[in-house]
Novice: 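I have a structure here, written as structure tokens, and I will follow up with some questions on it.
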2 protein chains.
Amino acid sequence: MSDPTPHIAATLKTLRQARGWSLTRAAGATGVSKAMLGQIERGESSPTVATLWKIATGFEVPLSAFLVEAAAPPVEPRAVFSDSAGMHVRVLIPFEPRWRLEMFAIDLEPGACSESSPHGPGVVEHVIVIEGALEVAEAGRWQSAQAGDVVRLDAAQAHAYRNPHATRARFHNLVNYPTGTRPGREAGSTGGGKAMAGAP
Amino acid sequence: MSDPTPHIAATLKTLRQARGWSLTRAAGATGVSKAMLGQIERGESSPTVATLWKIATGFEVPLSAFLVEAAAPPVEPRAVFSDSAGMHVRVLIPFEPRWRLEMFAIDLEPGACSESSPHGPGVVEHVIVIEGALEVAEAGRWQSAQAGDVVRLDAAQAHAYRNPHATRARFHNLVNYPTGTRPGREAGSTGGGKAMAGAP
DNA sequence: CCGCACCGTGCGTTATAGCGCACAAGTGAA
DNA sequence: TTCACTTGTGCGCTATAACGCACGGTGCGG
């Protein structure tokens, strides 16, 4: 825990600049003189809670917005998964027990097909298509998804992706695990799954 | 959304009396003079955030213990499609209590700047840049993110996005809520893109 | 009774938060 | 260029936060 003044300064500057407000306009909205706002932004003054409250209400944000409570979340590691036969998986968000989810960015080359063996019960996948189009199979039924579509899959069942089109398909894959379960790192799940080249 | 001073006074008095501390002892623990502590308890003085922080650390309680959590900011346009000043938001995954998350696809036109008002404590955002590049501000510091980057934000603090480049930026926004909280429908009020100055 | 220790509060002084105003630099139009 | 206007910052002044200290009040053991 450190002195809250620098954080207040930075937060105020961000809030004001993000709205494109000048000090004068911010002073009008908050009822605090623009000179004082400028000093607070530069960290030259530590405001009273009363003035900070006026600022918070003027900006229509909660008071806690200016206060450092929790430590900043850790830096994001990023790993590139294996690339097997036209399928490229990149880990966007590694699994964290706190949220019980992980997220991947997946590229599917034309003609590529990937089969994913079932995860544990209750696991749900979201496929968010970014670019191109692909087909997703759940419980043996293939459905097509285009850019902008979101497909929800019950990952407890066998499911697969394939790209029967001529252009590359890109999508994000959000995997949610129910309480108590973790992502099984066994081979055969999405990353290490059998990716078969060639037309389906 | 009232004056926070009476709440601070009552909280400090309760905290001190609950521990059986005298003003002198509290002054020794916090580093704030006992006269000032007495005045704060009686509501005759509105402390600065620096002093309140010293008091909070002296009592080993979070700063938020002294603050009445202000009323939620007014509900603004807020909609599935919020398109204001160069920002286009589409809901990919609406909030579900089961997963405690929601996900958006956001387009940021060149020059657009959007400020996201802080959510409740513990809320974490992931910004996954799909196309183009943008700048994200957290705690007053702008950092740039390019396509493929993932930025993790503590959404309890004020944060903002802007696109200072010439091409459109697209990103996915994953918002995780801790157990017990829900997405308070606060505004993602956007500042006028054109009114904003360029890169710092 | 008298110290004596500790409590909370009031007083005088200092540091500084906060305000109003003015100034230098920048911007755009005539 | 000049004029009108806005931006952010610096300066003087006032209000007050914050300090150190002392005073009246209270409980307790000589």
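Just so we're on the same page: letters track the sequence lines, and every chain starts at 1.
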Novice: Taking CD1 from A:Ile40 and P from D:dG8, how many angstroms apart are they, rounded to a whole number?
Specialist: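 Spelled out: CD1 on A:Ile40 to P on D:dG8 is 15 Å.
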
Novice: C:dC7 C1' sits how many Å from B:Leu23 CG, rounded?
Specialist: 8 Å

Novice: Under 4.0 Å from OP1 or OP2 of C:dC7: is there any side-chain N or O of B:Arg16 that close?
Specialist: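 No, no such contact exists.
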
Novice: If pairs are Watson-Crick or G-U with both distances under 3.5 Å, what is the dot-bracket string of DNA chain C, marking crossing pairs with [ ] and pairs to another strand with |?
Specialist: ||||||||||||||||||||||||||||||

Novice: Look at the side chain of B:Pro47 and decide which nucleotide, out of D:dG8, C:dG18, D:dA18, has an atom nearest to it.
Specialist: D:dA18

Novice: So, is B:Ser46 close to the D:dT16 phosphate, meaning a side-chain N or O under 4.0 Å from OP1 or OP2?
Specialist: no

Novice: Using a heavy-atom cut-off of under 4.0 Å over every strand shown, decide if A:Ser33 touches base, sugar-phosphate, or nothing.
Specialist: base

Novice: Counting just side-chain N and O atoms, does A:Arg25 come under 4.0 Å of either OP1 or OP2 of D:dG8?
Specialist: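 For A:Arg25, the contact criterion (side-chain N or O under 4.0 Å from OP1 or OP2 of D:dG8) is not met.
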
Novice: Please check if atom CD in B:Glu44 has more than 12 non-hydrogen atoms from other residues, nucleotides or ligands closer than 6.0 Å.
Specialist: yes

Novice: Centroid separation under 6.0 Å, is that true for the rings of A:Trp99 and B:His126?
Specialist: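 Yes.
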
Novice: Got a donor-acceptor contact below 3.5 angstrom from the B:Arg16 side chain to the B:Glu41 backbone?
Specialist: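 It does not hold such a pair.
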
Novice: A:Thr48 near the nucleic acid: base, sugar-phosphate alone, or nothing, with a heavy-atom cut-off under 4.0 Å?
Specialist: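 Sugar-phosphate, backbone atoms only, no base.
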
Novice: Does a salt bridge link B:Arg152 with A:Glu96, judged by any charged N lying under 4.0 Å from a carboxylate O?
Specialist: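 Salt bridge flag = yes for A:Glu96 with B:Arg152.
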
Novice: Could you tell me the separation between the CD atom of B:Gln39 and the C1' atom of D:dA15, rounded to a whole number of Å?
Specialist: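 From B:Gln39 CD to D:dA15 C1': 14 Å.
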
Novice: Over how many whole Å does the gap from B:Lys13 atom NZ to C:dT9 atom C1' extend?
Specialist: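 So the two atoms are 12 Å apart, to the nearest Å.
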
Novice: So, is A:Ser45 close to the C:dA17 phosphate, meaning a side-chain N or O under 4.0 Å from OP1 or OP2?
Specialist: yes

Novice: Looking at the side chain of B:Met36, which of D:dG10, C:dG10, D:dA17 is the nearest nucleotide?
Specialist: D:dA17

Novice: Does any part of the side chain of A:Val61, heavy atoms only, come nearer than 4.5 Å to the side chain of A:Thr11, both counted from C-beta?
Specialist: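 No, every pair of side-chain atoms sits at 4.5 Å or beyond.
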
Novice: A:Leu37 has an atom CG; how far is it from atom P of C:dG20, in whole Å?
Specialist: 12 Å

Novice: Are B:Ser45 and B:Met36 close enough that some pair of their side-chain heavy atoms sits under 4.5 Å apart?
Specialist: yes

Novice: Which one, C:dA17, C:dA22, D:dC21, comes nearest to the side chain of A:Lys34?
Specialist: C:dA22

Novice: How are the rings of A:Tyr177 and A:Phe95 set to each other: parallel, tilted or perpendicular (split at 30° and 60°)?
Specialist: perpendicular

Novice: Find the distance A:Glu41:CD to D:dT7:C1' and express it as a whole number of Å.
Specialist: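 Interatomic distance, CD of A:Glu41 to C1' of D:dT7: 12 Å.
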
Novice: Rounded to whole Å, how long is the line connecting atom CG of A:Leu52 with atom P of C:dA17?
Specialist: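 So the CG-P distance, A:Leu52 to C:dA17, works out to 13 Å.
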
Novice: Take atom CD1 of A:Ile55 and atom C1' of C:dC19, then tell me their distance rounded to the nearest Å.
Specialist: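 Roughly 14 Å, once rounded to whole Å.
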
Novice: Give one of base, sugar-phosphate or nothing for A:Glu44, where a contact means two heavy atoms less than 4.0 Å apart.
Specialist: sugar-phosphate

Novice: Sequence neighbours excluded, which residues qualify as side-chain contact (heavy atoms from CB on, under 4.5 Å) partners of A:Arg25?
Specialist: A:Trp21, A:Ser22

